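See structure below.
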Amino acid sequence: LRNEADIAIVGAGPAGSSCAAQLAAHGYDTLLIDQYDFPREKPCGDGLSPQAVATLGQLGLDVFLEKTQRIDGCRVILDHRRERLGRFRANTCGRCVPRAFLDQAVLNMALRNGARFVKARARSSGEADDGPFVAIESGDGARRITAKRLVASDGATSTMRRSAGLGSPGHSVRAWAIRSYYNTERSLDELFEIYLPLEVRGTTLVGYGWVFPLGEHLANIGVGYLRTPGVGHLPRLTDALNTFVDELRLRAHHRYGDIESLGRPTGAPIGLNFNTKSCNAGNMLLVGDAAGMTDSFTGEGIAPALEAGLAAARCIRGSLARRSSLARYGQELARRMPRAGQDFSILARVTSRPSSNERLAYDHLKGLHYLASVFSIASDRDPRPAAGTTAVASLLLDKERQTKDWATSLEDHLLDAIRTTIPLATPVIAREIRSHGGPVYAAILLLTGRACGKVAEDDIFAGAQAVEYLALFPTLLSGLSNHPSSEPEKLNNALAVLAADFAVSRSLLAVAKFGPKAVTSLAQIASQTCQGAMMDAVDRYDLERPVERYLAAVEHRVASVFGYASWLGAKQAGADQTTAEQIHRYGHAVGMAYQIAEDLVELDVDNSRRLLRVSVSRGIYSLPVLLAADRDRMLRQELTQGVLLSELPTLVSHINETGAVEQSRALMCEHLEAAKAIYGRTGLQRSEDLDRFVDWVSSRADVTV
Ligand SMILES: Cc1cc2nc3c(=O)[nH]c(=O)nc-3n(C[C@H](O)[C@H](O)[C@H](O)COP(=O)(O)OP(=O)(O)OC[C@H]3O[C@@H](n4cnc5c(N)ncnc54)[C@H](O)[C@@H]3O)c2cc1C
């Protein structure tokens with residue numbers, strides 16, 4: 001065995017072998033290291049989804065798969081009483097293949113493509129002068145393998161991950177599963193069968209039991225469940241499996257007849273908690289369960305492991321060809337697999353409560369923000385908008401390399417962070433951020449920071465997350481449905497409160513590193529944003545609402561967050577107290593102007609007046625609407641009667657004729673002038689960035705009415 005290779009891959013499961021097969025096919029000297037000789041057993045349900053089957057097809061394993069058990073769909077059995085059958089789409093199918101055979105087949109493909117294999121246990125990894133290395137131990141002793149790039153695909157208990165200092169996050173969700181093989185008296189249907197709920201001696205577990213067929217009478221039967229933070233004692237895996245099989249014998253005898261055990265059960269942890277930030281370290285990529293890629297909703301890990309193996313191979317080839325870093329690998333994975341790493345514990349906690357038998361009609365649910373999000377997760381849609389340049393990104397773009405990178409990655413980074421912490425709210429949040437033209441609070445933090453000095457990149461990201469989460473707080477609560485009477489509405493509201501609660505706690509956690517003042521101020525601002533949202537809620541449908549009250553609500557809800565974001569930017573850049581306070585006032589004034597500009601955007605012909613109709617029909621009246629209603633009684637009456645889409649052009653010209661648009665614009669300009677005057681007094685050398693933000697806000701209000 002040579003002690004070097006282009007790429008050393010630790011772990012020859014589906015993740016490692018698929019990666020090796022690709023790299024070897026492209027001519028790289030690829031060494032696969034596994035602690036076992038193959039074939040080897042791996043505790044698994046042996047189920048391959050149509051997606052896994054398709055990826056294995058790409059690897060050239062179609063012929064192998066044809067000889068294995070075909071699966072046509074999935075049957076979900078609820079409480080042994082009700083069941084749902086879903087067939088896979090036409091021309092696709094799943095498969096069930098014992099892992100000993102499957103993993104051997106993928107490994108063989110890698111070897112045929114030219115990869116080398118060695119049986120050895122990896123002990124640690126690191127970076128030496130001659131490059132990255134992995135320390136291994138085999139029958140003939142310990143040694144070091146050096147390589148240009150390393151891949152950690154050594155499963156859920158990854159030694160490589162720990163050795164790189166990427167241990168699992170302490171507060172995370174954990175999961176385990178166990179399976180065994182059984183003979184059934186009756187023949188099995190060619191379906192994945194899932195049993196819910198999973199109960200052991202009166203405790204309902206967040207998980208499920210399965211019966212997956214491997215042949216006419218041969219089944220893989222198992223159970224898997226999550227442990228969410230704060231949950232105490234859970235039953236032992238073998239107890240849970242035995243209870244489940246006993247229940248099948250009792251309550252599903254009509255389906256399987258006698259069930260006979262063929263051996264001892266084996267269980268293992270499942271690799272969850274994928275995070276874009278912890279799937280690479282220097283020259284090493286983490287793949288599959290080592291990167292926590294198993295779907296915590298379904299427990300499916302083979303398809304993500306294969307996908308990630310191929311993505312890692314592409315990323316390594318790119319980085320070797322261009323001598324570039326592997327830093328974007330995590331984001332690439334998050335985009336390809338939007339469900340990876342999502343923390344479903346919120347959903348699990350809420351849905352594990354008993355609910356009524358009410359039927360969940362899609363039409364009803366899609367109007368509820370949070371349940372619509374659950375649908376988008378369940379149907380595997382990426383809730384994030386397609387990548388593209390937003391208004392905020394173009395505001396940040398300039399000649400400086402660092403800012404340019406920032407502008408292009410800011411939104412991506414934020415949405416990645418958000419989707420792994422509050423997945424249920426990601427679609428709501430993505431829509432909200434886009435409606436501002438991008439992460440505008442993060443942008444002002446970045447620009448004020450730059451105006452005051454230099455901010456470390458990690459600090460910018462932490463600050464950006466904190467202020468965006470903070471601004472979201474009232475938005476997330478606005479997803480609450482009024483007077484919930486049905487179960488789905490109550491569930492939606494529970495999720496809304498949880499999501500908002502998460503947003504504030506994440507925000508507080510993110511600023512903790514900037515000291516106690518940053519934390520206490522943030523808590524005060526969170527409470528102010530709530531008060532602002534309450535004022536708006538109380539004043540809904542009130543066309544007599546005094547403009548001063550409206551502006552006071554804007555101060556609470558929007559300007560306070562702008563002020564805080566600006567102050568934090570200044571503090572991060574090391575500004576003294578006086579400057580930071582002035583910058584805070586600058587942000588506050590800009591925030592007032594920003595909301596007025598947004599109010600004018602609602603009237604814009606080119607934009608979409610639908611926005612105006614939505615807010616007017618919900619009784620949310622913006623500044624120009626309130627000013628116009630104050631001046632024109634007829635208009636007030638018109639508004640009270642509701643506005644049709646076809647009447648919008650007339651309504652907007654009425655508003656314009658009262659002079660309300662001009663007056664709003666003038667007020668916005670006053671705030672912007674005040675902002676300029678404030679930072680003019682700071683004496684900062686580099687205030688172009690502050691100018692730029694002021695100009696950007698003003699340009700947003702350049703609307704045609
Ligand atoms: C009971 C159970 C049932 C499951 N059912 C399904 C299912 O039906 N369908 C599905 O898609 N997913 C299922 N999963 C998840 C799935 O098994 C994993 O997600 C998948 O195996 C991940 O592949 P991997 O290549 O990342 O890791 P693994 O398949 O775990 O491979 C890791 C490899 O690394 C080797 N290794 C580990 N440490 C070292 C070391 N220090 N040195 C050298 N080698 C090392 C191991 O020997 C192993 O070969 C199940 C999991 C469990 C526990």
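Predicted, not measured: the structure shown is a model, and the values here were computed from it. One-based numbering along the sequence shown. Atoms within a ligand are numbered from 1 in the order they appear, just like the ligands themselves.
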Please find the pair of heavy atoms, one from [X] and one from [Y], that lie closest to each other, and give the distance.
X      : Y      : value
Gly16  : Ser153 : CA-OG, 3.2 Å
Tyr28  : Ile7   : CB-CD1, 3.6 Å
Ala313 : Leu23  : O-CD2, 3.7 Å
Ala52  : Leu306 : O-CD1, 4.0 Å
Leu272 : Asp295 : CD2-C, 4.4 Å
Ser163 : Ser125 : OG-N, 2.8 Å

Tell me which part of [X] gets within contact of ligand 1: side chain, backbone, both or neither, using heavy atoms under 4.0 Å.
X      : answer
Ala305 : side chain
Ile178 : backbone
Ile302 : both
Pro304 : neither
Thr294 : side chain
Met293 : neither
Asp46  : backbone
Ser153 : backbone

For ligand 1, which atoms, with element, lie under 4.0 Å from some heavy atom of [X]?
X      : result
Gly155 : 27 (O), 30 (O), 32 (C)
Ala268 : 53 (C)
Trp210 : 3 (C)
Gly299 : 12 (N), 13 (C), 14 (N), 15 (C)
Gly11  : 33 (C), 34 (O), 35 (C)
Phe212 : 8 (O)
Tyr36  : 47 (O)
Gly288 : 26 (O)

Counting both backbone and side chain atoms, is some N or O of [X] under 3.5 Å from an N or O of ligand 1?
X      : answer
Ala122 : yes
Asp34  : yes
Asp289 : yes
Gly16  : no

Please state whether [X] comes within less than 4.0 angstrom of ligand 1, counting heavy atoms only.
X      : value
Arg99  : yes
Gly271 : no
Cys44  : yes
Trp176 : no
Pro14  : yes
Arg40  : yes

Looking only at protein heavy atoms, identify the closest one to [atom] and say how far it is in Å.
atom                    : answer
atom 36 (N) of ligand 1 : Gln35 NE2, 3.4 Å
atom 28 (P) of ligand 1 : Lys42 CE, 3.9 Å
atom 8 (O) of ligand 1  : Gly47 N, 3.0 Å
atom 4 (C) of ligand 1  : Gly45 N, 3.1 Å
atom 25 (O) of ligand 1 : Ala15 N, 3.0 Å

[atom1]-[atom2] distance between [X] and [Y], expressed to the nearest 0.5 angstrom:
X      : Y      : atom1 : atom2 : answer
Asn3   : Arg144 : CG    : CZ    : 11.0 Å
Cys279 : Leu326 : SG    : CG    : 10.5 Å
Gln104 : Ser17  : CD    : OG    : 9.0 Å
Ile178 : Asn242 : CD1   : CG    : 8.0 Å

Inspect the surroundings of CZ in Arg249 and state if more than 12 heavy atoms from other residues, nucleotides or ligands are less than 6.0 Å away.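 It does: Arg249 CZ has more than 12 such atoms within range.
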Check your understanding: Around atom NZ of Lys148, are there more than 12 heavy atoms of other residues, nucleotides or ligands at under 6.0 Å?
Key ->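 Counting neighbours around NZ of Lys148, 12 or fewer heavy atoms of other residues, nucleotides or ligands fall under 6.0 Å, so no.
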Quiz item: Ring centres of Phe244 and Tyr195 under 6.0 Å apart?
Solution: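 Yes: the rings meet the under 6.0 Å criterion.
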Inset, instruction - Would you sort out whether Glu247 and His80 count as a side-chain contact (heavy atoms from CB on, under 4.5 Å), showing the intermediate values? - result: CA-CA 10 Å; Glu247 198 178 85; His80 290 277; 3.0 Å; yes
**Study point:** Non-hydrogen side-chain atoms of Thr243 and Leu198 separated by less than 4.5 Å
**Key:**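 Contact flag for Thr243/Leu198 side chains = no.
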Show, in sequence, the C-alpha distance, side-chain angles and deciding distance for Ile136 and Arg123, and conclude whether the side-chain contact (heavy atoms from CB on, under 4.5 Å) test is met. CA-CA 6 Å; Ile136 60 167; Arg123 292 289 182 201; over 6 Å; no
side-chain contact (heavy atoms from CB on, under 4.5 Å) between Arg95 and Leu56, intermediate numbers included: CA-CA 11 Å; Arg95 295 273 168 186; Leu56 288 164; over 6 Å; no
(message) Can you classify the ring geometry of Phe192 versus Phe88 as parallel (below 30°), tilted (30 to 60°) or perpendicular (above 60°)?
(response)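 Correct class here is perpendicular.
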